[in-house]
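One-based numbering, in listed order, for ligands and for the atoms of each. What's counted below: heavy atoms across the whole structure, side chains too, no hydrogens, waters or symmetry copies.
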Amino acid sequence: MRLRRPGRLAPVLLLATLAATRVAAFDLQFTLLDNASGFTAAEKILVQEALGRAERMWETVIVGYQNGANIISVPISVTPATSGLAAAAFTGTTQSGDVIYATSGNVLLNVNEIENFANWQGPGANGLNFLDELLAHEIGHVLGIGTLWTANGVYVNNTYQFTGSRAVAAYETEFSDPVGYVPVEDNGGPGTPNAHWDQMMRSSGEAGDTNGPGGAWALSPLTGVVDALGRDRALELMSGAVDPDYLEPFLSRTTVESMRDLGYLVAAFEDFNGDGEIGAADLAVWMSGFGASGLQIDSLASGDSNRDRRVDGRDFLLWQRAVGTAAIIAAPEPKGLSLAVLMTIAFIARSATRRR
Ligand SMILES: [Zn+2]
């Protein structure tokens, strides 16, 4: 028996262990609080289902912390309220390196709006469920969007220009708008300006006369600045208002990269399982999700890389492009996934796209 070989292997194993522990996982945990204006049993179910989807979205795109921050999980309480729509704040922070992270938070949710937002029957009634988007938005605030910007040096109040370099680069590419910053909301009620991406706030009259025929609902939140799929940045998840008559808000690369500016480790949209690599495991996710439609805000976790709430050939093509460029830094692909297999899948994906 030779002892030399295990002796040589030991440092390799040690390195592997270090690499595995250096990247802390990212975890959110929720507690529904009860009070005098509490949730009904039916509302609790709606909120818990929506929280599950919002959690899945954030845990797919955020995969850990930079600077070796050791935050085991972020507990967030959800408290029933009877005014406003929803609001959120962090309730604890920690500093790691030069970054200040949220370590806990609270979300206020108006119980009188839950049924409305779970089945939209207001202006432009479409029966869609906006609760998961609403909660994902508020969780974004808990994690630092609009709340830890100035503390982390990526925003100066009343400039309406977010300057974190990762988000700016993402915004300029994603929305073909090379302005050198991400436009921040400068209008709306308390808590809205300086804390969201910019849109035309209909409720505040920024978009026109709220006293005209049809009131604010007759106005348009759109800015005319759109991504490759024609989605106006006004309808992004972290803009200043949910506009249910314009369908469900979408998650942009700009928002995800702004989390990178706030010290989080983030995953690419094609990294469906959020393990930090784009590879065969993600393709398997896409394959099992293929054909799904009418998905919610966590659709990324089913392979919806373009976030249009359906899993189809377009998502595969984005994965294919991403896996090609990420191959240099990603782990080697399993040998079984040959070019021929990929080409076959590409063909299936293309014909599926054409059929629709
Ligand atoms: Zn907000």
Interatomic distance, CZ@F39 vs CD@Q48, rounded to 0.5 Å, equals 9.0 Å
Counting only protein N, O or S atoms and ignoring waters, those under 2.8 Å from the Zn ion (ligand 1) are H137 NE2, H141 NE2, H196 NE2
Not counting sequence neighbours, which residues clear side chain to side chain contact (heavy atoms under 4.5 Å, CB included) with V156? List them please.
-> T159
Interatomic distance, I139 atom CD1 to L237 atom CG [nearest 0.5 angstrom] = 9.5 Å
Nearest 0.5 Å, what's the CG-CZ distance between L317 and R314?
-> 9.5 Å
If you look only at pairs with a residue in residues 131-140, which of them pass as a salt bridge (Lys or Arg N to Asp or Glu O under 4.0 Å), with sequence neighbours excluded?
-> R53-D132, E133-R309
For W58, all residues meeting ring-ring contact (aromatic ring centres under 6.0 Å, His included), sequence neighbours excluded | none
